[in-house]
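Notes follow once the structure below has been shown.
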2 protein chains.
Amino acid sequence: MNLGVDAGYENAVLRRLDAARRLSEASVAAIRAAVREKILKTGPGEDLVCEGDRAEKIRFLLSGWACRYKMLEDGRRQIVGFILPGNICDPFIYLLSMTDHSIGTLTQVVYSELERPHFERLVATDATIAEALYCETLAEVSIQREWTINLGRRDALERVAHVICELFERLSVVGLVDGNSFAFPMTQTDLADASGLSTVHLNRTLQELRSSGLITLRDRNLTINDFQALSAAAMFNPNYLHLNRK
Amino acid sequence: MNLGVDAGYENAVLRRLDAARRLSEASVAAIRAAVREKILKTGPGEDLVCEGDRAEKIRFLLSGWACRYKMLEDGRRQIVGFILPGNICDPFIYLLSMTDHSIGTLTQVVYSELERPHFERLVATDATIAEALYCETLAEVSIQREWTINLGRRDALERVAHVICELFERLSVVGLVDGNSFAFPMTQTDLADASGLSTVHLNRTLQELRSSGLITLRDRNLTINDFQALSAAAMFNPNYLHLNRK
DNA sequence: CGTTTAGTTGACCGTGCTCAAGGGGCGTGG
DNA sequence: CCACGCCCCTTGAGCACGGTCAACTAAACG
């Protein structure tokens with residue numbers, strides 16, 4: 001794949017899909033056209049999808065961060081995953097009757113929205129595209145399994161370190177990492193809800209990570225000072241992200 | 001779908017897929033034939049798949065219980081999901097390079113194994129089959145998300161109650177529930193690893209569920225005495241299982 | 001300049017873990 | 001037939017990780 005001079009918001013999507021399956025020039029053009037059809041923008045803290053909505057549209061995240069989350073009746077919130085630039089939200093989701101969770105923005109977000117017929121037309125253009133989309137879903141299950149073990153069997157420090165390692169790897173693929181640093185726009189409340197911790201304990205855990213020199217977090221910018229050490233502390237193994245082409 | 005007189009191990013699979021998409025007679029016949037191609041049997045405590053294996057075969061669980069699990073380096077185990085009769089393990093998984101978790105049997109298990117070409121032929125017979133298989137994957141992500149919130153934001157009693165409610169609903173679909181009772185072949189160690197608890201604390205939690213009259217667990221048989229109350233205690237909402245046809 | 005939001009700190013407490021020991025059922029071998 | 005070992009379950013005691021409540025600071029914003 002060659003992104004060429006025709007750079008735009010959709011490049012993150014192309015990089016993600018091309019990481020799953022080698023895309024032909026024709027496929028790249030088809031994806032570009034589909035993504036450009038309807039581009040939307042939202043502020044931070046908005047819901048793109050609410051639990052219980054009918055599942056209809058496919059969304060491509062072009063810039064900014066979003067998250068999937070669920071709430072319990074009594075207000076407890078769990079962020080169950082991050083949606084980063086290049087991610088495609090729920091290919092083929094219209095096969096189910098309704099959504100089982102919500103999607104909220106963590107920052108200002110630019111995304112593309114495809115209605116079902118549009119999406120189906122895109123899928124039909126090329127078998128590689130369909131396969132790359134299926135890979136996106138398979139990787140998503142895999143990530144979700146890793147989150148399950150993260151919350152079930154890792155302690156606070158390991159959990160937070162693991163979340164950070166995952167973000168680093170996923171952002172790398174789409175070129176959003178600068179050396180060992182990347183923009184980290186989340187609040188501590190968000191990170192706590194992703195780690196299954198209280199904000200108070202998350203704060204202390206972050207301080208532990210900082211004071212041990214593993215990370216530097218300042219002005220919404222996170223630097224991993226020693227990725228090896230952080231990985232080891234988190235028992236992080238990037239295989240579950242399935243970022244490599246088969 | 002009419003299962004007819006041609007009853008066999010594959011009926012659980014047919015019931016599951018038919019719950020996702022209405023299957024034609026031809027589709028039913030094609031699935032039956034595919035499943036019967038290669039049927040295998042294993043004892044309890046065996047691994048069908050090991051983390052790191054190449055992903056090649058698609059498996060249909062016909063009878064018995066299995067689980068997906070991951071281990072941390074230091075031996076901590078987390079069961080990240082159950083595989084019950086009628087479940088299909090990872091349709092299209094061969095699109096990825098390797099498996100990210102292991103699959104182990106909890107009981108004696110009968111399953112069918114399809115090589116990639118066989119599986120692809122089955123998928124090609126009918127668009128409904130492909131859609132039903134995709135639904136299986138989409139439901140799996142959804143279940144995995146619910147497990148994430150279960151471990152991240154529910155306390156011990158709620159977690160265990162939730163796992164039990166899920167098993168009840170999933171077993172119902174394939175006709176493995178008798179009134180409010182079902183065979184419950186897991187050990188407490190398994191259930192602890194699924195709930196993210198220690199065996200000691202799981203044991204005490206189970207006793208709490210028993211003494212409060214919510215469940216009866218005896219001789220590997222579990223009875224839910226008051227499903228409404230158990231649901232409420234778990235904050236269980238079956239939507240995430242996507243058991244209903246669209 | 002007042003209000004809101006994010007981050008930080010202290011004190012206390014409770015859920016759930018660890019370690020350790022013991023009981024019951026069952027299969028195996030002497 | 002009994003002895004032994006193994007697996008699964010159960011119970012007790014002590015402790016620690018992480019939660020809760022509350023107060024305070026700093027930055028951002030109108």
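Naming convention: chains lettered A, B, ... in sequence-line order (proteins, then strands); numbering from 1 in each chain.
- One atom, CG of A:L202, and another, P of D:dG18, lie 12 Å apart when rounded to the nearest Å.
- The residue A:R220 sits close only to the backbone: its heavy atoms come under 4.0 Å of sugar-phosphate atoms, none of a base.
- Here D:dG19 presents its P atom at 5 Å from CG of A:L197, a figure rounded to the nearest Å.
- The distance from atom CG of A:L191 to atom P of C:dA6 is 14 Å, rounded to the nearest whole Å.
- B:H101 and A:E146 share no donor-acceptor pair across their side chains, judged by distance under 3.5 Å alone.
- Rounding to whole angstrom units, CZ of residue A:R218 and C1' of D:dA26 are separated by 16 Å.
- Side-chain rings of B:Y240 and B:W147 stay apart, their centers remaining 6.0 Å or farther from each other.
- Atom pair B:E158:CD and C:dG16:C1' shows a separation of 14 Å (rounding to whole Å applied).
- Checked against C:dG7, D:dT11, D:dC9, the side chain of A:T187 finds its nearest nucleotide in C:dG7.
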Query - Test ring pair (Phe, Tyr, Trp, His ring centres under 6.0 Å) applied to A:F168 and A:F227, step by step - result: CA-CA 9 Å; A:F168 179 81; A:F227 186 77; 5.1 Å; yes
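- Considering only side-chain atoms of B:R204, the nucleotide from D:dC9, D:dG18, D:dT11 that sits closest is D:dT11.
- Note: CG (B:D219) to C1' (C:dG25) measures 11 Å, nearest angstrom.
- Using a 4.0 Å heavy-atom distance criterion, A:G45 is classed as making no nucleic acid contact.
- Contact annotation for B:S198: base contact, defined as any heavy-atom pair under 4.0 Å involving a base atom.
- The interatomic distance linking A:D190 (CG) with C:dA6 (P) rounds to 8 Å, in whole Å.
- Taking only side-chain atoms of A:N203, from C-beta outward, the nucleotide of D:dT10, C:dT8, C:dG16 with the closest atom is C:dT8.
- A:R210 comes within 4.0 angstrom of the backbone, heavy atoms only, and of no base.
- Seen from the ring of B:F184, B:R220 does not count as a face-on cation partner, given the 6.0 Å and 45° thresholds.
- Side chain to side chain, A:S181 and A:T223 meet the donor-acceptor criterion of an N or O pair below 3.5 Å.
- Distance, A:Q207 CD to D:dC17 P: 17 Å, rounded to whole Å.
- Set against D:dT10, C:dG16, D:dG18, the side chain of B:H201 has C:dG16 as its closest nucleotide.
- Residue A:Q188 places none of its side-chain N or O atoms closer than 4.0 Å to OP1 or OP2 of C:dT5.
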